[in-house]
Amino acid sequence: MPKSRIRKKAGFTPPPAKQATNIKLTSRSWVAPVMLALFLIGLAWIVVFYVTDGDLPIKDLGNWNIVVGFGFIAGGFGVSTQWK
């Protein structure tokens, strides 16, 4: 019976070293304070509206003050999408 041929394995060659790529990181340190400020302003707007029975912050807006408060809160959520 014939002998099987022995395959010679190639020596281990490590993969080529990857070169470091420069990643440009932009400073987004403004995002968290602005987001929190918008949340708190919106919350305060709605609370003041309810506590003062609709006389403050702006009497002319009436129940639209709730929309303004939620608008600030929605703006906070919009800014939060910029957070990395």
Side-chain angles (χ1 to χ4, degrees):
M1 186 177 250
K3 291 185 177 180
S4 63
R5 294 182 186 167
I6 298 175
R7 288 187 254 165
K8 292 185 180 181
K9 294 183 181 179
F12 175 74
T13 56
K18 294 183 180 180
Q19 294 181 359
T21 57
N22 292 335
I23 299 173
K24 185 178 179 183
L25 297 176
T26 58
S27 175
R28 296 192 185 232
S29 59
W30 58 272
V31 173
V34 171
M35 176 182 64
L36 291 175
L38 287 173
F39 286 153
L40 292 176
I41 290 170
L43 179 65
W45 193 287
I46 293 171
V47 167
V48 168
F49 172 71
Y50 277 116
V51 169
T52 61
D53 289 330
D55 291 335
L56 291 176
I58 300 175
K59 187 175 184 176
D60 294 337
L61 292 179
N63 286 334
W64 282 96
N65 280 312
I66 298 170
V67 175
V68 172
F70 278 111
F72 278 112
I73 294 171
F77 281 114
V79 170
S80 71
T81 62
Q82 299 298 315
W83 196 358
K84 288 189 177 184

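Position 1 is the first residue of the sequence; numbering continues from there. Computed over heavy atoms, backbone and side chain alike; hydrogens, waters and symmetry mates excluded.
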Tell me who clusters with Val47, hydrophobic residues only, linked when side chains sit under 4.5 Å apart either directly or through other members.
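Reading the cluster by chain and number, Val47 sits alongside Leu43, Val51.
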Mind jotting down which residue pairs meet the side chain to side chain donor-acceptor pair (under 3.5 Å) criterion with at least one end in residues 72-81? Sequence neighbours excluded, please.
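For residues 72-81: none.
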Partners passing ring-ring contact (aromatic ring centres under 6.0 Å, His included) against Phe49 (at least two apart in sequence or in another chain)
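Not a single residue meets the ring-ring contact (aromatic ring centres under 6.0 Å, His included) criterion with Phe49.
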Can you give me every donor-acceptor pair (side chain of residues 61-72, partner residue at least two apart or in another chain, under 3.5 Å) with its distance?
unit_1, atom_1, unit_2, atom_2, d
Asn65, OD1, Trp45, NE1, 3.2
Asn65, ND2, Ile58, O, 2.9
Asn65, ND2, Gly62, O, 3.1

Solution key, residues 29-39 side-chain donor-acceptor pairs under 3.5 Å, sequence neighbours excluded:
none

